[in-house]
Number of protein chains: 4
Amino acid sequence: MSPATAPRGRPRSAERRVAVLRAASSLFQEVGAAQTSIDAIAARARVAKQTVYRWWPSKAAVLAECAVEGYLTLPSFHAPATGDPRADLTAWLEESYDALETPRFLELFRALNEASGSDPVIAAQLDRVFARQLRQAIRGMLDAAFDAGALRPGIDLDVVTQLLIAHVSAAVTQRADRGDIPALVAVLLHGIGAGPRSRGAPMDTEEPR
Amino acid sequence: MSPATAPRGRPRSAERRVAVLRAASSLFQEVGAAQTSIDAIAARARVAKQTVYRWWPSKAAVLAECAVEGYLTLPSFHAPATGDPRADLTAWLEESYDALETPRFLELFRALNEASGSDPVIAAQLDRVFARQLRQAIRGMLDAAFDAGALRPGIDLDVVTQLLIAHVSAAVTQRADRGDIPALVAVLLHGIGAGPRSRGAPMDTEEPR
Amino acid sequence: MSPATAPRGRPRSAERRVAVLRAASSLFQEVGAAQTSIDAIAARARVAKQTVYRWWPSKAAVLAECAVEGYLTLPSFHAPATGDPRADLTAWLEESYDALETPRFLELFRALNEASGSDPVIAAQLDRVFARQLRQAIRGMLDAAFDAGALRPGIDLDVVTQLLIAHVSAAVTQRADRGDIPALVAVLLHGIGAGPRSRGAPMDTEEPR
Amino acid sequence: MSPATAPRGRPRSAERRVAVLRAASSLFQEVGAAQTSIDAIAARARVAKQTVYRWWPSKAAVLAECAVEGYLTLPSFHAPATGDPRADLTAWLEESYDALETPRFLELFRALNEASGSDPVIAAQLDRVFARQLRQAIRGMLDAAFDAGALRPGIDLDVVTQLLIAHVSAAVTQRADRGDIPALVAVLLHGIGAGPRSRGAPMDTEEPR
DNA sequence: TGTTAAGCGAGACGGTACGTCAGGTCTTGCT
DNA sequence: AGCAAGACCTGACGTACCGTCTCGCTTAACA
């Protein structure tokens, strides 16, 4: 349909593009995003600095593309979906905490977060890929629980997902105490409000046997 | 007790200290923390650059001290405590979202967050002041609700506080949709788990009358 | 007589050649030769940069061709030839000084000079055109004077021409004081050596009446 | 008398100044001024690039200061002063031509000339030193000749000096043919104008015996 | 009344990275 | 083969900011 105006001039070299992304990824993971300069990326990619600047407006943009294109070794965003929300949530939270305790990942998370903050376009780009993955994982977990009859109907699962992501994200900056996980799961499962069932009966953080 | 060996030499000038903090604060708020250089702070404070470096190890430290000493105009961290947790939570969340929609505050938040990330000492310093304030405010809100019998006993209020702070912090980076507030509050109040009371009865986000 | 092997492929476009020369000339005169880049020339000529490089090895070559082909507005190199060497020389020197006081010309002169310095081929090319013109003009002036009996026979007029050109060229860099013209003319006419006629009689810079 | 406002701040390091001048001089002479970058100067001087830029606005300024301060090996500007103008002029011109045939010097001359053209301040600076030296040398030569009675009185020696400098300078760009020297000297000594003495008698370029 | 130790203003300095510019070359597809 | 378009490499540019240093001067407590 649309002839799309045949591209003129020498086409962009796909080879150099991946060279840059590869070089950048390795540097980001070796010395950290903050310590990586555009010069260093270009040098390692054996590419002229101008070629980097031609295609990416900033280091943050390179970082984002690296992340989106899967050049960074990031923890996988899967979540168990056994149908038991307490167990699944606990497992997912612990795994997430683990990832954040890996300094390499923590630094990448921070850098990606900062990149998001610096440019809404990058934020959207990263959100489109990562948050979506995360959301799907968590959603799968919650759906399984729902199917098992373990969730109350009518819940806005997106909100729950947001809450979980936020909690883990916050752990990047603030200290995260894994001892709090059971209490957190309990709050998520039962809420904080007094209901007919719970009033007067101190809730235990352990599953009632 | 110990006379602490009276300090020798010319004592630190309190005047220059506040000059620096004032200059830094105004620059942080005018052009943003990222765009503010130490040179600029020193120049505006009519102080030698070395004087800044003598007392603060980094720009982040200056920023933190500005925040802690109240030189930055930040939104107050109070929360209503009427005893009605649904109303209080909703009001507090809305107010928080408002603050984050102010670009000036948003940038400061980001900068403070980054400062926390860069240095654990600064993180602790900021936490001691802000998180404490926030925690107290939220705690007051929750305590009032508890006293009114609106909360289930046995809840780990610290965990709830953390969750709320995390949610709002995350909104700095990710987009926050205020339309989600009712659903969020509902999840917090009732939890997501199926209980005897709720099974089969779709939960409404409004309090059942 | 050799048919010179008919050229294969698309022949050189005369149209683009003049486009380049025109664009270059206008840029040279508008912003100066030093401030003109090949990219800018190509862009203004609506020609690919490679097309410039295909036919001219350097910016200096383009400049030289502009000059030789008459695309640059340069002062005309005529000289009066009334037969009165004092008057003619004075007039020609004054006119030359005038041209050098026009910043536009001065810059072009400098650029042409530098181009000559950078490449002997260009130097020869420019010399063939300009110096020849100049030499002819001056030669005409001197010949007329000689015919009028105002010059001593046996003079190497080429040397005189060289001397005059050198004097004017030097004025490009060093400051030229037009007040010196009479003295200069006097030196040229009478020489500096003591002769039978002049010894003891202070030479005046004005023609003795 | 004048307190001259005591200099404040860390004083300029004389050591680095000479380091820069030395490094620049050696580079200028090794690879030529055009091929020398500020980065290279700073690197060889083991000095930060900013330190160069702090004190010299351009490479031309560095070059000029190198020349003025005597860091460049330039031909000495002396001239014989035997009292015989023909011999002295001839000797001086030949020596000058020699210098210009040394590629190293020729390039330096060109660079200095270009530097003069780029900035009037530099031009004045160089003129103050070099032209003055040259003028003195030539003047000495002419004065000796005058004292020996070989020069006509009333000559503007400055003009002659200018003429000579111009002639040699022009030889930088245009080809200089040493075979012309005798004719040139003859013109200078006797002038080109017909005088009572010379009319009808073809002037020889050799001293009449 | 010095003497001594530190604070301080001013600004030079080494260092690193920045983002841009210009000169040339190369790679498409079209003429 | 000429040519437009534009990617690409190379190398230099001039600037910004960092954190340190080196002056001379000031301000106190100490001797």
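So you know, we letter chains A, B, ... as the sequences are listed, proteins then strands, and number each from 1. What you see is a predicted model; the values in this text were computed from it and never measured.
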**Study point:** Pairwise side-chain contact, C:W56 with C:V20, heavy-atom cut-off 4.5 Å (strictly under)
**Key:** yes

Check your understanding: Does the side chain of B:V62 reach to within under 4.5 Å of the side chain of B:C66, using non-hydrogen atoms?
Key -> yes

**Study point:** Sorted by number, the residues of residues 27-43 of chain B with heavy-atom contact under 4.0 Å to DNA chain F
**Key:** B:S37, B:I38, B:D39

Review point. Looking at B:R22, B:Q29, B:E65, which one forms a side chain to side chain contact (heavy atoms under 4.5 Å, CB included) with B:Y71?
Key: B:R22

Exercise for review: Write down the distance between CZ (B:R44) and P (F:dC17), rounded to a whole number of angstrom.
Suggested key: 14 Å

Exercise for review: Decide yes or no for D:R54 and D:R16: does some side-chain heavy atom of the first lie under 4.5 Å from some side-chain heavy atom of the second?
Suggested key: no

Review point. Are B:I122 and B:L63 close enough that some pair of their side-chain heavy atoms sits under 4.5 Å apart?
Key: no

Protein-nucleotides 7-9 of chain F N/O pairs closer than 3.5 Å?
| unit_1 | atom_1 | unit_2 | atom_2 | d |
| --- | --- | --- | --- | --- |
| F:dA7 | O4' | A:R10 | O | 3.4 |
| F:dA7 | N3 | A:R10 | NH1 | 3.2 |
| F:dC8 | OP1 | A:S13 | N | 2.8 |
| F:dC8 | OP2 | A:W55 | NE1 | 2.5 |
| F:dC8 | O3' | A:R16 | NH1 | 2.9 |
| F:dC9 | OP1 | A:R16 | NH1 | 3.1 |
| F:dC9 | OP2 | A:A48 | N | 2.9 |
| F:dC9 | OP2 | A:T51 | OG1 | 2.5 |

Exercise for review: Measure the shortest side-chain to side-chain distance between C:W55 and C:R17 over non-hydrogen atoms and say whether it is less than 4.5 angstrom.
Suggested key: no

Point to revise | Heavy atoms from other residues, nucleotides or ligands near CZ of C:R12 exceed 12 (cutoff 6.0 Å) | key: yes

Study note, to complete from the structure: 5'-most contact on DNA chain E (nearest-nucleotide basis), A:K59 vs B:A45, goes to B:A45

Practice item. Considering non-hydrogen atoms only, spot the tightest contact between C:L108 and C:L74 and give its length. Key: CD1-CD2, 4.0 Å

Review point. What integer distance in Å separates C:E15:CD from E:dT31:C1'?
Key: 13 Å

